[in-house]
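Encoded as structure tokens, the structure appears first; notes follow it.
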Amino acid sequence: HFLTIMLVLSCLAALGLAAGQTFTKTANSVLSGSNSGGVYDYPHLHQTLKECKALCSQDALCKSFDYQTATTNSPSGDCYLSYDDKNSKTVARNTDFDLYQVTGAKSVLKYFDSPIRGAYIQGSNDGGVYQQMGLTAESCAAMCLKDLNCLSFDVGRLTSAGDCYLSYERKDQVGDRFIRIPGGFYTDFFGRDTLDYYEKKANLGTACPDGSVSPSGHQDSTLPASRNCFTCPNNTFANTAQTTCEACPADYVSPAGSTGIADCQRTFVPTSTDLLATGDRFVGQYQCRTPWARFFYIVSSGLLELEVLAISKRGTAYALQLLAEFDGEDGFYSYITSVSVPELTNLTNLKLSLPAPNRLYPKLDGDVINEQGAGATANDTALTFSGSLSGVCLAGSTFDTHRVCHLPETGEVFEVGDQWVGSFTCAEDSVFERTARIDFVVYDVSDDGKTFRALYDFTGTGDASAGRYRVVGSYNPDTRGVNIIPDGADAWISRPNNTVTADFVGKITEDNLLMTGQRDINPRCACSGANTTRTVLGQSQVVGTRCGLGGHPTNALAIWCYVYDDCPDSELDTATNLRYKTCVPTQECDSFQVHRVCPDRGINGDVCGCVPSFDQDANTTLTCAVRNFSPREDGTTVAEPWCYVAEGCLSALPGPNSTWWRKCSSTTPSSTVATTPVTVSSTTLADSTTQADTTTTQADTTTQADTTAQADTTAQADTTTQ
């Protein structure tokens, strides 16, 4: 009965506006170049006028929207939300649209200290880089308020107008990285000039109660009631100090004033073995071969995302409608496709048609596979959709995707076995971007859920090979912020040539299913300031403090500096016992996004089963148990049961003498994969010094194995930051 009542309430109030919210209409007009609040222009995203008003009302920062009226060439339904209004953006005439502006909306710049002209924080754009997107100081401030981690922003003027850089730091936290140019003008290497610095006020007052929102996330008596901590409508929710009422997932409902995603309840309980449901999303990678000249072909790759838009019963069959989005080396393109299937419990040989006139796009032909076996429902199983590409793609073209999780039942942000799949984008030059697939596989989570460790896998961009290194992450539940960095000096597991590590800073959505943010150079590989004195060109000089020429430990012509001891991209200067790196240009790889797909098929499969190991000292066979010696490289104690596993297990951790291990339980199966039993000595396992030498040798061997595949990378002027 509760679900029935909630569904009725949803139908009656889903389109409700914030109490007292009104709009002023300007016919045949748009707010030129301002869509910062959201774009709904795909046919399946079209909104009615009432729905568009509701979307704007649920976001306390929304000040206006453009709504497309019906024309002879296209139906109505395009909805463009904006954090600007006529006070910060120009109103332009457009007979296909009407402009609606929120009554009583006020500037949000009052929540920031007075700007510092011609100033910026150098190298601190973790909240996002938005260039040439038409953002004003007003809309940039709104985007900063929307992110609880954001503390300041830089916004462009004059030739930089439209640029916005969000930062998770204040000027008093960054030392000499806060740059202030006399006279208020600044021009960088790329010709962007005149940036202004805004800092969020340290005290914004009392936070809005859970279930309500305001433009700052805090109470403000100067605002009308319709804008000041107003209650979120049905089917949405908000936590403390939020600016936006987040929508419940598809097929979930909630009462007005809901305080978290846990308040969202299913309108039905899935009991069938159907493999697909409306709203399902698959993410992964594609590789397309296209003809070039007469006897050659070009291989392009990138990220593939598929979304199930609708499922309908037509007679004895089912009609599926899907959105396919390709984001790769050859650009971004998408199309909506449909297919008829006799049943939803068996989706092998699923052929998706190409709608005219998109015959030059890749065509998908593959299998949706239930990886947990017969009897599992679509709600609790790991699904893959993989197969071949045709259409514009030649034979041998493939795709491989995983289904994004439904709402995690435990509510935990990170769980052992979870896999996050997505991409990052690198700017190769001013007009061309390249997208590469990345994966995080979580293998350890602290009891409080605030620290986790994962394996980070990446595919190459251009001619770069794939690689892997270990990372450690921290999570802030108050701001939902996450920071992921390489896990120490020995983080690399497989390192391609010309590749360096990176850190990831961003945030996780309320449903714990999407992580987005920025990628930066690993801060532990920045010049540390350490130095030594060496003879350069016949003179004694202090070297190593910052990137410079001369005094390099092995190459007199290389630019270099000393770095921190835990930089995985460094080498040891035996003369000083300090770590150093060779300074080279790196690719500009900014934004990343990864979706949570779970569980990871490599965590609980046979390849992760315990490998029987014989302990010569104890004269016994080792299985899953607590032991009086450590399997770790550094010899530190493992209090929980553990066992040796095959190297191919994604959750495996490296141990001394080429061993691999992971924590286990009495239910962990023994591996059925053909493996050679591991013979070890407890004395040898505790010797971390021996392992350090072994690891170095392995890393060198891996690099050498990749040399052939990397032949073309020597021609590149930069190093890939992965």
Side-chain angles (χ1 to χ4, degrees), residues 118-126 129 152 154 165 167-182 186-193 195 197 426-427 469 483 485-486 488-492 495 497-505 518-590 716-722:
Y120 66 104
I121 295 181
Q122 187 179 54
S124 181
N125 306 316
D126 291 330
V129 175
S152 64
D154 312 321
Y165 307 84
S167 174
Y168 290 173
E169 298 175 298
R170 300 182 187 273
K171 64 179 184 298
D172 59 0
Q173 298 174 313
V174 300
D176 59 5
R177 287 194 293 114
F178 181 68
I179 310 298
R180 188 170 183 178
I181 305 302
Y186 162 64
T187 301
D188 68 11
F189 179 79
F190 300 99
R192 299 187 296 256
D193 60 357
L195 293 171
Y197 172 80
C426 291
Y469 56 84
N483 187 13
I485 62 174
D490 298 323
W492 279 108
R495 181 182 184 184
N497 293 342
N498 300 329
T499 305
V500 296
T501 55
D503 78 325
F504 299 80
V505 180
Q518 297 295 117
R519 299 173 64 259
D520 304 305
I521 299 295
N522 182 1
R524 305 306 297 172
C525 292
C527 298
S528 66
N531 59 70
T532 189
T533 301
R534 290 211 170 107
T535 301
V536 180
L537 298 178
Q539 296 183 346
S540 180
Q541 294 184 12
V542 175
V543 296
T545 304
R546 57 179 58 88
C547 287
L549 184 64
H552 189 283
T554 62
N555 185 350
L557 299 179
I559 299 174
W560 69 287
C561 73
Y562 286 119
V563 295
Y564 299 95
D565 289 343
D566 52 354
C567 170
D569 310 322
S570 65
E571 299 177 71
L572 180 66
D573 180 359
T574 55
T576 61
N577 205 33
L578 297 172
R579 310 288 299 186
Y580 71 92
K581 71 169 183 180
T582 300
C583 303
V584 292
T586 57
Q587 286 178 312
E588 183 180 343
C589 302
D590 290 322
Q716 296 177 352
D718 58 9
T719 291
T720 304
T721 304
Q722 303 289 2

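The two residues Tyr562 and Ala530 have their closest heavy-atom pair at CD1-O, 3.4 Å. Heavy-atom minimum distance, Ile179 versus Asp176: CD1-O, 3.5 Å. In terms of heavy atoms, Pro568 sits closest to Trp492 at O-CD1, 3.4 Å. Residues Pro486 and Tyr469 share a closest heavy-atom pair of CG-CE1, 4.1 Å. Nearest heavy-atom pair, His552 versus Trp560, reported as atom, atom and distance to 0.1 Å: N-NE1, 3.0 Å.
Here the CD-CG distance, from Glu169 to Asp126, works out to 7.0 Å after rounding to the nearest 0.5 Å. Going from atom OG of Ser124 over to atom CD of Gln518 covers 10.5 Å, rounded to the nearest 0.5 Å. Atom CD of residue Glu571 and atom OG1 of residue Thr582 lie 6.0 Å apart, to the nearest 0.5 angstrom. Atoms CZ and CG, from Phe504 and Asn522 in turn, are 10.5 Å apart once rounded to the nearest 0.5 Å. Put simply, OG on Ser152 and CD on Gln173 are 8.5 Å apart, with the number rounded to the nearest 0.5 Å. Annotation: the span from Thr576 atom OG1 to Asn531 atom CG amounts to 10.0 Å, rounded to 0.5 Å.
Side-chain contact between Pro523 and Asp503 is present, with at least one heavy-atom pair separated by less than 4.5 Å. At least one side-chain heavy atom of Leu572 sits less than 4.5 Å from a side-chain heavy atom of Arg579. Residues Cys525 and Val500 form no side-chain contact, since every pair of their non-hydrogen atoms from C-beta on lies 4.5 Å or further apart. Residues Asn483 and Tyr168 have side chains not in contact (no heavy-atom distance under 4.5 Å, counting atoms from C-beta outward). Residues Tyr120 and Asn125 fail the side-chain proximity criterion, which asks for heavy atoms closer than 4.5 Å. Taking the side chain as every heavy atom from C-beta outward, Val536 and Val543 approach each other to under 4.5 Å.
When atom types are taken as modelled, the side chain of Asp569 and the backbone of Thr501 share a donor-acceptor pair closer than 3.5 angstrom. No donor-acceptor distance shorter than 3.5 angstrom exists from the side chain of Tyr197 to the backbone of Phe178, with no hydrogens or angles considered.
A salt bridge links Arg524 with Asp566; the closest basic N to acidic carboxylate O contact falls under 4.0 Å.
Remark: Cys547 SG to Cys583 SG, distance under 2.5 Å.
Around CZ of Arg546, the count of heavy atoms belonging to other residues, nucleotides or ligands within 6.0 Å does not exceed 12.
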